[in-house]
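Before any comments, here is the structure.
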Amino acid sequence: DTGVSQDPRHKITKRGQNVTFRCDPISEHNRLYWYRQTLGQGPEFLTYFQNEAQLEKSRLLSDRFSAERPKGSFSTLEIQRTEQGDSAMYLCASSLKSGDLTGNTEAFFGQGTRLTVV
Amino acid sequence: GESVGLHLPTLSVQEGDNSIINCAYSNSASDYFIWYKQESGKGPQFIIDIRSNMDKRQGQRVTVLLNKTVKHLSLQIAATQPGDSAVYFCAENPLKNTGFQKLVFGTGTRLLVSP
């Protein structure tokens, strides 16, 4: 499978525990994004990497959240001291910087990690 | 599987009909727009995109129309099939010419196709 891969697909954790999710983007894609989606809503942007540099973070990303992309390939998203409000689908997407002036190419999403905090 | 979007606007069509899903976007500075399809329990799947210097783009069975004057986007699906049943989201990139896709997603529309 050459698409965006996320692991695990589902995670149930107790409130207060730490969780970490992994995303493997499409191999030649240098841009990686994390989004969060709650039931009935569209995905909301969390953060963006170009190669290993984290260039943008949403205000949704509280200090309990940290994302890394140490070698510019896979990325991890860690949530510390989870709260019930963190329950959501966490989606990773990747895209490739195009050669034209706009630099926009489509972003491909993974299947997501469904987090349930109990 | 779990349901995506329990209280979304719903469009119900018969198999073989053409479907039109509409979306109003918010930022007049947005220069790139994408339609995604999301099936229950899965991530969004890219359908078609359009840049702001175009007003129409066609793919296989799908057409996207962009009206910048009224900030409106539509997705037309020809000869709708039961496999098209899903939630459809439009997304806009309000960051002009950066290539960085801080996508802002719309509410979503559930498409139900009856055989």
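Convention: sequence-line order gives letters A, B, ...; per-chain numbering from 1. Just so it is clear, the structure is predicted and the values come from calculations on it, not from any experiment.
In this structure, the side chain of B:Y36 does not engage the main chain of A:F109 through any donor-acceptor pair within 3.5 Å. Formation of a donor-acceptor pair under 3.5 Å by the A:Y33 side chain with backbone atoms of B:L103 is not found in this model. Side-chain atoms of A:Q111 come within 3.5 Å of backbone atoms of B:G43 as a donor-acceptor pair (strictly under, hydrogens ignored).
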- Task: Apply the test side-chain contact (heavy atoms from CB on, under 4.5 Å) to residues B:F89 and A:Q41: give CA-CA distance (whole Å), side-chain angles for both, the deciding distance (0.1 Å), then the verdict.
- Result: CA-CA 10 Å; B:F89 291 99; A:Q41 304 295 319; over 6 Å; no

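The environment of CG in B:L112 is crowded: more than 12 heavy-atom neighbours from other residues, nucleotides or ligands sit within 6.0 Å. Summarising the local packing, CD of A:E68 is surrounded by 12 or fewer heavy atoms from other residues, nucleotides or ligands at distances under 6.0 Å. Annotation for A:E28: atom CD counts as buried by contact number, over 12 foreign heavy atoms lying within 6.0 Å. Residue A:R15 qualifies as open at atom CZ: its count of foreign heavy atoms under 6.0 Å is 12 or below. The environment of B:K68 atom NZ is dense: over 12 non-hydrogen atoms of other residues, nucleotides or ligands sit within 6.0 angstrom.
Screening B:I48, B:I47, B:D49 for a side chain to side chain contact (heavy atoms under 4.5 Å, CB included) with A:E106, the sole residue that qualifies is B:D49.
To the nearest 0.5 Å, atom NZ of residue B:K42 and atom CG of residue A:L91 are 14.0 Å apart.
Hydrophobic clustering, with ILVMFWY side chains joined whenever heavy atoms are under 4.5 angstrom apart, keeps A:F49 apart from A:I26.
The aromatic rings of B:F105 and A:Y35 stand perpendicular to each other, their planes meeting at an angle above 60°, with 30° marking the opposite boundary.
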